[in-house]
2 protein chains.
Amino acid sequence: MANPAEDVRPPTMADVAREAGVSHQTVSRVLSDHPNVRAATREQVTLAIERLGYRRNSAARALVTRRTRTLGVIAVNTALYGPASTLTGLEEAAREQGYLVSTVSLRTGEGQGLKDAIDHLASWGVEGVVAITPQRSHVQALAELDAPFPVVTVEGGHQLDLPGVSLDQELGARMVTEHLLAAGHGNVWHVAGPDDWLESEARTAGWRTVLEEGGIRPPRVLTGDWSPLSGYRAGQELAGLALARRGATPVTAVFVANDQMALGVLRALREGGIRTPGQVAVAGFDDIPEAEFFPPPLTTVRQDFAAIGRRSIGLLVDHIEGRARKVEHLLVEPQLIMRASTRPSNES
Amino acid sequence: MANPAEDVRPPTMADVAREAGVSHQTVSRVLSDHPNVRAATREQVTLAIERLGYRRNSAARALVTRRTRTLGVIAVNTALYGPASTLTGLEEAAREQGYLVSTVSLRTGEGQGLKDAIDHLASWGVEGVVAITPQRSHVQALAELDAPFPVVTVEGGHQLDLPGVSLDQELGARMVTEHLLAAGHGNVWHVAGPDDWLESEARTAGWRTVLEEGGIRPPRVLTGDWSPLSGYRAGQELAGLALARRGATPVTAVFVANDQMALGVLRALREGGIRTPGQVAVAGFDDIPEAEFFPPPLTTVRQDFAAIGRRSIGLLVDHIEGRARKVEHLLVEPQLIMRASTRPSNES
DNA sequence: AGGTTGATTGTTAGCGCTCACAACAGCGTG
DNA sequence: CACGCTGTTGTGAGCGCTAACAATCAACCT
């Protein structure tokens with residue numbers, strides 16, 4: 001009842017030790033699952049811990065072990081389906097390995113923000129960072145940063161000296177393009193993502209390669225910014241070309257670099273009175289949950305975001321715990337999801 | 001060149017003190033912006049810090065101050081647009097206030113996972129938690145948990161003794177329903193979200209209230225699970241009802257509880273040969289980025305997720321830093337976004 | 001029996017920092 | 001000129017924990 005000081009401090013290891021009639025070191029041993037503790041003693045301590053509601057102080061522990069068991073994640077565009085899914089995968093994998101994850105979302109993508117984010121995380125003593133850095137400029141900034149802890153990139157490309165995990169974007173693009181050619185199209189147009197993005201580049205490269213391998217001259221590339229609106233604009237242009245029926249390359253198939261833009265393209269085509277897939281086949285990339293219900297259901301490339309998250313945490317933890325071999329680059333396989341938007345129909 | 005021990009420890013405050021020719025305490029004062037430090041001394045110390053690349057050890061600091069300046073966030077369905085956006089808002093707000101945010105994503109929504117998540121965060125010494133708990137069962141579990149730190153709920157309803165921030169879901173539903181009635185529809189059907197979700201309930205309640213206030217008997221509620229597929233199924237049922245033209249309530253307007261399901265409904269109606277908005281008007285909720293490009297562009301309710309994030313962090317920090325008045329509930333205003341899917345047309 | 005081993009427990013010394021307080025200078029004031 | 005005040009700096013203790021070592025005891029071997 002006497003309550004002189006308002007702040008009742010949480011119990012410490014010493015409190016538990018007193019309660020259990022042992023030394024604080026024995027309590028520590030029980031908590032760390034040290035083998036050499038008598039079963040009866042262990043029992044005593046466990047009971048005392050429960051009675052007092054004791055919980056190990058992680059700050060004190062981190063201070064002496066020099067391990068915070070905290071990882072940082074830096075991501076851009078965290079509200080989008082792709083990054084958000086990767087984040088979830090990362091977090092779960094880290095938790096399984098006994099790490100805490102702290103996230104920093106970057107709004108825009110300039111280097112300064114990234115530097116600040118690393119600083120913010122470093123000042124909290126993270127042991128490593130996963131950076132989701134899909135833009136070339138980020139990766140550049142990251143490489144120049146020289147952080148005092150291991151850094152693993154996601155979708156950061158494989159040119160740099162940083163370990164990283166990526167989806168095999170180029171393979172995904174190849175799969176889509178080959179699928180469209182196999183369906184009988186003489187050529188495939190492409191709506192690409194923004195220039196600075198590595199994913200854009202890889203998808204465009206995959207598309208281009210397939211065409212060139214088939215002896216087909218790739219048509220001019222249209223560019224968007226991943227948003228449905230930008231896809232809509234590109235779609236209007238394509239619709240114009242499809243209707244004009246002149247110019248070198250007829251528009252009968254389009255590979256759009258992500259599903260959101262594909263949605264815009266589909267709308268523009270529809271408004272132009274062009275039937276999909278009847279007159280123009282359309283394919284996307286990402287397999288967002290909505291894609292199956294687009295008009296028409298969208299052929300696209302599925303990314304296993306959870307696997308990407310899991311593998312990057314694996315890589316990072318390997319580095320932190322000294323198991324790291326050299327700088328490694330992991331590729332995750334994409335999966336082609338075929339739906340109505342590229343279904344061959346009986347009309348040309 | 002001599003490098004006997006491989007682990008070169010990072011510099012400590014004492015190292016900086018020696019380098020600058022002052023005591024460690026003076027270094028601490030400089031770092032904490034204490035006013036009573038001579039400008040020249042401050043300069044010396046700052047220089048020494050820079051020379052050594054010194055960084056304050058947060059574990060040691062946390063140990064003595066009993067403040068970790070870390071917040072936890074618990075969220076379900078983090079890959080969806082809504083939660084992901086809220087998360088981003090939370091994180092930015094927390095960082096501005098000088099806190100680190102650690103996220104835990106829950107896959108399924110049962111109480112045990114939530115308890116584990118709280119435990120996980122507690123063992124890292126978070127000072128407070130924001131729980132995005134849109135399901136009734138979560139909120140229940142949360143209330144029974146009695147965590148050793150303040151907890152703020154997001155979309156957790158206002159029945160409980162926990163402070164919380166929510167969008168005014170009911171108001172949003174009212175706005176949509178009133179909009180549809182004003183457009184001349186005699187009644188409005190409703191495709192609701194899953195039962196356990198507070199957002200579903202509030203949206204359904206808002207819809208029902210408006211109808212009843214207008215003396216209209218609400219038709220039977222269809223239920224989905226937020227997914228486009230479930231919306232598609234509901235849409236098929238609605239299409240059947242719309243075509244049959246018998247039964248008490250004709251189907252001319254539908255308020256769907258989220259945009260993803262609305263996408264499914266639109267597809268089903270289209271497949272049933274029903275024109276939107278010509279024969280049936282459809283409205284959604286959330287304003288996902290894709291909504292503007294649905295066929296047709298979807299009337300919906302926009303949520304200011306960033307504001308929700310910001311305000312919940314504000315509430316939480318107020319509690320942590322003792323500024324908290326009582327248990328408070330904040331409501332964020334929704335915004336009706338009118339698009340083609342509910343545009344009155346010249347046909348019935 | 002004497003010594004050695006292994007299991008179990010306790011003791012001590014920090015980890016790097018902040019807080020409380022002491023020390024000291026320089027200044028104005030009665 | 002003694003006193004107190006303010007501004008500036010230093011000293012010592014201790015936050016709660018783990019790691020290294022010491023101590024104790026029973027069991028075991030030759």
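Throughout, protein chains are lettered first and strands after them, A, B, ... in sequence-line order, and every chain is numbered starting at 1.
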Rounded to whole Å, please give me the gap between [atom1] in [X] and [atom2] in [N].
X        : N       : atom1 : atom2 : answer
Leu63(A) : dG16(D) : CG    : P     : 12 Å
Arg66(B) : dC19(C) : CZ    : C1'   : 11 Å
Glu43(B) : dT9(D)  : CD    : P     : 13 Å
Asp15(A) : dC17(D) : CG    : P     : 9 Å
His34(B) : dT9(D)  : NE2   : P     : 10 Å
Arg38(A) : dT24(D) : CZ    : C1'   : 13 Å
Asn36(B) : dA25(C) : CG    : P     : 18 Å
Arg69(B) : dC17(C) : CZ    : C1'   : 16 Å

Within the 4.0 Å heavy-atom criterion, would you say Ser23(A) contacts the bases, only the backbone, or no part of the nucleic acid?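 Counting heavy atoms under 4.0 Å across all strands, the contact made by Ser23(A) includes a base.
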
Would you classify Asn57(B) as touching base, sugar-phosphate or nothing, given that sugar-phosphate means primed atoms plus P, OP1 and OP2, and contacts are heavy atoms under 4.0 Å? sugar-phosphate

Earlier contact from the 5' end, DNA chain D, for Thr41(B) and Tyr54(A):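 Closest to the 5' end, via its nearest nucleotide, is Thr41(B).
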
Treating [X] as the side-chain partner and [Y] as the backbone partner, does any N or O pair qualify as donor plus acceptor under 3.5 Å?
X         : Y        : value
Ser32(B)  : His34(B) : no
Asn57(B)  : Ala60(B) : yes
Thr88(B)  : Ala84(B) : yes
Glu127(A) : Thr68(A) : yes

For nucleotides 18-23 of chain D, give me one character per nucleotide, 5' to 3': B if any protein heavy atom sits under 4.0 Å from the base, S if the only such contacts are to the sugar-phosphate, - if neither. BBB---

Looking only at heavy atoms, which two atoms of Gly98(B) and Arg69(B) are closest? And how far apart? O-NE, 3.2 Å

Correct closest heavy-atom pair for Val101(A) and Val73(A) would be CG1-CG2, 3.5 Å

Does dT8(D) have its OP1 or OP2 closer than 4.0 Å to a side-chain nitrogen or oxygen of Thr26(B)?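 It does not, given that no N or O in the side chain of Thr26(B) lies less than 4.0 Å from OP1 or OP2 of dT8(D).
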
When rounded to the nearest 0.5 angstrom, what is the spacing between CG in Leu31(A) and CD1 in Ile49(A)?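 Spacing of CG (Leu31(A)) from CD1 (Ile49(A)) equals 4.5 Å.
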
